[in-house]
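For this chain, numbers begin at 1 and follow the sequence in order. Owing to the predicted nature of the structure, the values given are computational and were not obtained by experimental measurement.
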Amino acid sequence: MKHSHYTLIYLIFFLWASCSKEKDITNENEAEINVNNASNISENPSLILGSWNLNKNNSSQNSDKSDNDCKATNIHFLDDNAFYLSYLEKRIKGKYEIINSDSLDLLIGSNIIGNVSKIDVTENTISFLLEINNECEQSYTGEKYFRIHQFIWEILNDYYLWQEQVPNLSDDIKPVGSAKYKELIESYPEPEAFFESLKHEDDKYSAIRSNYEDIENSIKGIDANNGLEFILSRYGSDDSILGVVTYILEGSDAATKDIQRGDIFTGVDGQKLNLSNYNELLFGDNLSYTLNMAELSNNLLIPNGKNIELTKTEKFQSNPIQINRIIETGDKKIGYLMYNQFADGFDDDLNDVFSDFQSNQINELILDLRYNGGGLVRSAVNLAGMITGQFNGEVFAKYLWNSKLSAYFNSDPESFSDNLVVNFADKLDDGAAINSLNLNQVYIITSGRSASASELVVNGLSPYINVIQVGDNTYGKNVGGPAALYDYIDNNRTKNPDHTYAISCMTFYSANSQDFYDYADGLAPQEELKLTEDLTNMGTLGESSEPLLALALNHIIQESSRHEIKKPIFPLENMIDDPKFIQKRSLTTLKDFPPLKLN
């Protein structure tokens with residue numbers, strides 16, 4: 001009986017040990033299977049996706065055809081089975097087809113042009129044998145890199161106006177394989193944060209967008225819009241914000257509501273506007289919001305209980321020609337034009353306005369740019385040609401680049417003339433003749449919201465004709481750049497299909513023909529023509545009694561008593577650079593830049 005007891009204990013122990021050993025074996029087998037499957041691209045094709053910078057594996061034994069090795073530097077696998085391969089100083093594009101757990105074929109059309117085999121992927125590294133039919137064979141190891149980060153760094157290193165003054169954009173740093181570059185990326189894994197880390201302290205304007213369609217739409221005046229144009233301003237002793245309506249866009253939702261120029265709001269959806277919440281409430285993803293209106297009483301802002309609900313229309317396009325009319329007074333025919341953005345696609349409309357001015361033989365022009373935050377250089381030049389006409393072919397503006405780009409463009413000034421100077425023109429891009437007034441004097445109404453291309457018009461015309469500025473100092477944006485810089489992957493300007501990022505970075509100072517560009521603090525009217533808009537007396541745009549227009553008219557007809565000009569009681573000051581204005585205050589060119597580093 002005692003013996004049977006020990007036998008039973010032994011049997012239980014044996015069974016437990018056997019099971020335990022079997023479990024260990026099973027775990028080992030599972031681990032082995034997992035290791036084997038870790039690089040199984042048949043079961044997990046996403047392992048190879050991305051861009052890989054390649055280094056030749058010198059320890060590999062290559063076939064005789066590798067006497068001329070592939071010299072591959074990068075391979076990029078996309079999730080639509082497309083690939084890009086840089087080798088033998090060329091870049092090819094095709095399709096790849098996975099044929100087993102560690103191999104794939106490379107195809108161009110229906111022809112197999114090569115093979116990638118012995119693929120092993122571990123985290124951010126890859127190794128494989130590359131064979132290109134009848135050309136080369138070589139083993140490589142590769143490191144995955146963040147393509148968007150490299151795109152950002154290389155763009156700023158080449159084109160950025162302040163490149164030489166930013167140590168982390170030094171030419172001594174190599175964006176591939178450099179320890180310093182790896183350190184930069186590790187500190188800023190998000191593209192937006194990485195971009196911001198590379199900006200110069202004086203740069204208030206350069207921006208990165210995750211979807212370049214946003215940039216392309218903005219230069220055409222297309223956005224989600226309810227038609228209410230307003231300026232935000234700080235007031236009081238805290239961080240409170242008010243909004244004042246400046247104008248309403250035709251055909252918009254706001255045009256159907258009980259709201260007009262000069263109306264004031266201090267809240268949105270029941271929340272009082274302040275520096276912390278205005279961005280989300282007014283410029284967030286919400287397409288609808290309700291404005292909580294207020295009014296001035298004894299210089300105090302008091303809610304008046306009126307609420308206005310507004311809804312944005314997706315991809316709404318506004319015409320920047322807000323008002324054009326002819327004012328006749330005495331022996332004067334005065335053309336008045338309010339132009340609110342140098343947007344793409346409206347130069348023909350603008351030319352039609354000047355045709356009307358021509359046929360009516362105006363002898364004075366008042367150009368109202370008080371709410372024009374900027375836009376395309378091309379449109380600004382065309383407008384300058386419409387005002388004048390007698391300076392065709394002469395220098396309107398100059399681009400002042402960083403030393404790297406200056407040397408590049410000046411190495412062949414004839415070929416790169418368009419990148420060095422901008423001349424007055426007598427034709428639009430479509431070949432239509434510009435309707436020119438041949439004026440020797442122009443009145444330009446400005447404010448703190450006149451920026452960039454608006455300032456380019458004032459500054460560019462000043463050496464040639466008498467520019468009489470009326471209103472307030474301009475914003476002071478004397479720098480500009482291309483509308484968008486894309487991540488091109490070949491010399492045919494093919495955009496990288498792996499992402500939609502684009503950069504609007506400052507690449508030049510904007511100078512006039514006399515090399516003047518020092519207006520970062522704004523361009524100022526002469527003292528007797530200075531006037532800030534008044535919240536208590538905004539007036540009606542285009543009407544002769546509107547304060548800024550009245551001031552210009554008084555100067556033209558030399559009768560200071562004709563239109564009474566009152567000193568502002570509640571001047572529109574302390575304006576906030578809201579996201580919409582920031583997007584508009586661009587000074588851009590649509591010209592393609594030379595691909596300095598593409599190969």
Sidechain-backbone polar pair: [X] side chain, [Y] backbone, donor-acceptor under 3.5 Å:
{"X": "Asn363", "Y": "Lys333", "value": "yes"}
{"X": "Ser450", "Y": "Thr474", "value": "no"}
{"X": "Lys199", "Y": "Ser206", "value": "yes"}
{"X": "Tyr160", "Y": "His200", "value": "yes"}
{"X": "Gln358", "Y": "Ser436", "value": "yes"}
{"X": "Glu455", "Y": "Asn478", "value": "no"}
{"X": "Asn402", "Y": "Glu164", "value": "no"}
{"X": "Asn512", "Y": "Gln514", "value": "yes"}
{"X": "Asn435", "Y": "Asp356", "value": "no"}
{"X": "Asp269", "Y": "Thr290", "value": "yes"}

Taking 4.0 angstrom as the limit, do [X] and [Y] come out as a salt bridge?
{"X": "Asp472", "Y": "Arg370", "result": "no"}
{"X": "Asp534", "Y": "Lys566", "result": "no"}
{"X": "Arg261", "Y": "Glu533", "result": "yes"}

*Would you sort out whether Cys505 and Leu485 count as a side-chain contact (heavy atoms from CB on, under 4.5 Å), showing the intermediate values?*
CA-CA 8 Å; Cys505 75; Leu485 289 167; 3.8 Å; yes
Can you tell if the side chain of [X] reaches within under 4.5 Å of the side chain of [Y], non-hydrogen atoms only?
{"X": "Tyr289", "Y": "Lys312", "answer": "yes"}
{"X": "Met386", "Y": "Leu428", "answer": "yes"}
{"X": "Leu553", "Y": "Ser544", "answer": "yes"}
{"X": "Ile569", "Y": "Asn537", "answer": "no"}
{"X": "Tyr399", "Y": "Phe409", "answer": "no"}
{"X": "Ile152", "Y": "Pro191", "answer": "yes"}
{"X": "Pro320", "Y": "Tyr339", "answer": "yes"}
{"X": "Leu337", "Y": "Leu350", "answer": "yes"}

Should we say atom [atom1] of [X] is surrounded by more than 12 heavy atoms from elsewhere, each under 6.0 Å from it?
{"X": "Asp521", "atom1": "CG", "answer": "no"}
{"X": "Gln361", "atom1": "CD", "answer": "no"}
{"X": "Gln526", "atom1": "CD", "answer": "yes"}
{"X": "Glu280", "atom1": "CD", "answer": "no"}
{"X": "Glu250", "atom1": "CD", "answer": "no"}

Just verifying a value: how many Å separate [X] [atom1] and [Y] [atom2], rounded to the nearest 0.5 Å?
{"X": "Ile321", "Y": "Met338", "atom1": "CD1", "atom2": "CE", "answer": "13.0 Å"}
{"X": "Leu437", "Y": "Ile387", "atom1": "CG", "atom2": "CD1", "answer": "8.0 Å"}
{"X": "Ile576", "Y": "Leu232", "atom1": "CD1", "atom2": "CG", "answer": "5.5 Å"}
{"X": "Leu405", "Y": "Asp158", "atom1": "CG", "atom2": "CG", "answer": "7.0 Å"}
{"X": "Asn226", "Y": "Ile259", "atom1": "CG", "atom2": "CD1", "answer": "8.5 Å"}
{"X": "Ile556", "Y": "Ile334", "atom1": "CD1", "atom2": "CD1", "answer": "4.0 Å"}

*Phe195 and Leu156: side-chain contact (heavy atoms from CB on, under 4.5 Å), yes or no, with the steps?*
CA-CA 9 Å; Phe195 177 81; Leu156 296 181; 4.1 Å; yes
*Residue pair Val470, Ile366: steps toward the side-chain contact (heavy atoms from CB on, under 4.5 Å) verdict*: CA-CA 10 Å; Val470 178; Ile366 300 174; over 6 Å; no
Atom of [X], atom of [Y] and distance for their closest heavy-atom approach:
{"X": "Gln390", "Y": "Ile465", "result": "NE2-CG2, 4.5 Å"}
{"X": "Lys257", "Y": "Asp253", "result": "NZ-OD2, 3.2 Å"}
{"X": "Val381", "Y": "Ala425", "result": "CG1-N, 4.3 Å"}
{"X": "Leu551", "Y": "Glu528", "result": "CD1-O, 4.2 Å"}
{"X": "Ala524", "Y": "Asn473", "result": "CB-OD1, 3.3 Å"}
{"X": "Gly227", "Y": "Ala254", "result": "C-CB, 3.8 Å"}

*Aromatic rings Phe391 and Tyr464: how do their planes relate, parallel, tilted or perpendicular, breaks at 30° and 60°?*
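Plane angle between 30° and 60°, so tilted.
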*May I ask you to decide if the ring planes of Phe283 and Tyr278 are parallel, tilted or perpendicular, using 30° and 60° as cut-offs?*
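Perpendicular, since the angle between the ring planes exceeds 60°.
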_Centroid-centroid under 6.0 Å between Phe570 and Tyr235 rings_ =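 They do not qualify: ring centres at least 6.0 Å apart.
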*What do you reckon, are the aromatic ring centroids of Tyr371 and Tyr247 less than 6.0 Å apart?*
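Yes: the rings meet the under 6.0 Å criterion.
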*asked:* So if I apply the side-chain contact (heavy atoms from CB on, under 4.5 Å) rule between Leu541 and each of Leu548, Thr246, Ile323, Leu549, which one comes out positive?
replied: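 Answer to the side-chain contact (heavy atoms from CB on, under 4.5 Å) test with Leu541 among Leu548, Thr246, Ile323, Leu549: Ile323.
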*Apply side-chain contact (heavy atoms from CB on, under 4.5 Å) to Ile208 and Phe194, showing your working.*
CA-CA 10 Å; Ile208 186 169; Phe194 182 60; over 6 Å; no
_side-chain hydrogen bond (donor to acceptor under 3.5 Å, both in side chains), paired with Tyr443, selected from His555, Glu364, Gln469_ =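 When side-chain hydrogen bond (donor to acceptor under 3.5 Å, both in side chains) is applied between Tyr443 and each of His555, Glu364, Gln469, only His555 qualifies.
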*Indicate whether the side chain of Asn307 and that of Asn292 have a donor and an acceptor atom separated by less than 3.5 Å.*
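Checked: Asn307/Asn292 side chains pair up, N/O donor to acceptor below 3.5 Å.
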*asked:* salt bridge (charged side-chain N to carboxylate O under 4.0 Å, His left out), that's the test. Do Asp258 and Lys306 meet it? Break it down for me.
replied: CA-CA 10 Å; Asp258 183 20; Lys306 185 178 178 181; 3.1 Å; yes
